[in-house]
Amino acid sequence: QVQLVESGGGLVQAGGSLRLSCAASGRTYSTNGMGWFRQAPGKEREFVAAIRWYGGATYYADSVKGRFTISGDNAKNTVYLQMNRLKPEDTAVYYCAVRYFSGNYYSPREYDYWGQGTQVTVSS
């Protein structure tokens with residue numbers, strides 16, 4: 001059993017910043033990495049960023065590259081997403097997830113456990 005809890009979402013104006021946090025608990029040993037995804041109304045869940053524990057490699061969607069930064073602590077099973085220069089199109093429910101295997105870090109289908117999500121709303 002693995003539980004993930006996100007926090008840090010909220011309402012901000014365009015150009016503002018938010019920092020999301022996600023902590024995993026339970027059977028979290030031997031995890032490969034963690035990631036962030038988001039889902040806007042009427043759209044499918046899409047990749048935002050991910051971190052691979054081995055080597056600390058990071059991955060970003062083109063839409064957030066240069067604005068968002070993912071970081072984490074493998075020992076604490078915690079991941080963060082620093083979001084700067086937010087845009088209205090960033091509005092979505094943001095989910096964190098954990099994976100146990102290497103592979104396609106961009107695909108939500110390759111993550112094993114998910115948090116409940118936290119709402120991020122960016123106003124114009």
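All heavy atoms count here, side chains included; hydrogens, waters and symmetry mates do not. A quick note: this is a predicted structure, and the numbers were derived from the prediction, not measured.
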Can you tell me which residue pairs pass the disulfide bond (SG atoms under 2.5 Å apart) test with a partner in residues 44-82, sequence neighbours excluded?
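Every candidate disulfide bond (SG atoms under 2.5 Å apart) pair involving residues 44-82 fails, so no pair, neighbours aside, qualifies.
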If a pair satisfies disulfide bond (SG atoms under 2.5 Å apart) and one of its residues is in residues 58-92, list it, with sequence neighbours excluded.
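Non-adjacent pairs meeting disulfide bond (SG atoms under 2.5 Å apart): zero.
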With sequence neighbours excluded, residues passing salt bridge (charged side-chain N to carboxylate O under 4.0 Å, His left out) with K65
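D62.
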Which atom pairs, one a donor and one an acceptor, fall under 3.5 Å between side chains of residues 13-26 and the rest of the protein, sequence neighbours left out?
{"residue": "S17", "atom": "OG", "partner": "N84", "partner atom": "OD1", "Å": "2.9"}
{"residue": "S25", "atom": "OG", "partner": "Q3", "partner atom": "OE1", "Å": "3.3"}

Just jot down the side chain to side chain contact (heavy atoms under 4.5 Å, CB included) partners of [X], sequence neighbours excluded, or say none.
X	value
R27	V2, Y29, Y100
K43	A40
Y106	F47, Y59, N104

Can you list everything that forms a side chain to side chain donor-acceptor pair (under 3.5 Å) with W53? Sequence neighbours excluded, please.
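So W53 forms a side chain to side chain donor-acceptor pair (under 3.5 Å) with T31.
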Not counting sequence neighbours, which residues clear side chain to side chain donor-acceptor pair (under 3.5 Å) with Y95? List them please.
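Here no residue qualifies.
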Closest approach of [X] and [Y], non-hydrogen atoms and distance?
X	Y	answer
G35	Y111	N-CE2, 3.8 Å
V122	T91	N-OG1, 2.9 Å
R85	G66	NH1-O, 3.3 Å

Say whether V12 and W36 are linked into one hydrophobic cluster, either directly or through other cluster members, by side-chain heavy-atom distances under 4.5 angstrom.
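Yes.
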If hydrophobic clusters are built by linking Ile, Leu, Val, Met, Phe, Trp and Tyr wherever their side-chain heavy atoms come under 4.5 Å apart, do F101 and I51 end up in the same one?
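They do share one cluster, since a chain of ILVMFWY contacts under 4.5 Å joins F101 to I51.
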Just grab all the ring pair (Phe, Tyr, Trp, His ring centres under 6.0 Å) pairs involving residues 60-88, residues at least two apart or on different chains.
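For residues 60-88: none.
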Write out all pairs satisfying side-chain hydrogen bond (donor to acceptor under 3.5 Å, both in side chains) with one or both partners inside residues 115-124, taking only residues at least two apart or from two chains.
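Those involving residues 115-124 are E6-Q116, Q119-T121.
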Taking side chain as C-beta onward, heavy atoms only, is I70 less than 4.5 Å from Q82?
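The answer is no; the side chains never approach within 4.5 Å.
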Going by heavy atoms in the side chains, are M34 and L4 under 4.5 Å from each other?
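Answer yes - side chains close enough.
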Contact list for residues 106-124, test salt bridge (charged side-chain N to carboxylate O under 4.0 Å, His left out), sequence neighbours left out
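Sorted pair list: R99-E110.
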For the atom pair [atom1] ([X]) and [atom2] ([Y]), what is the distance rounded to the nearest 0.5 Å?
X	Y	atom1	atom2	result
F37	C96	CZ	SG	10.5 Å
S63	D90	OG	CG	7.0 Å
R38	E44	CZ	CD	14.5 Å

Any side-chain donor-acceptor pair under 3.5 Å between Y105 and N32?
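The answer is yes; a qualifying pair exists.
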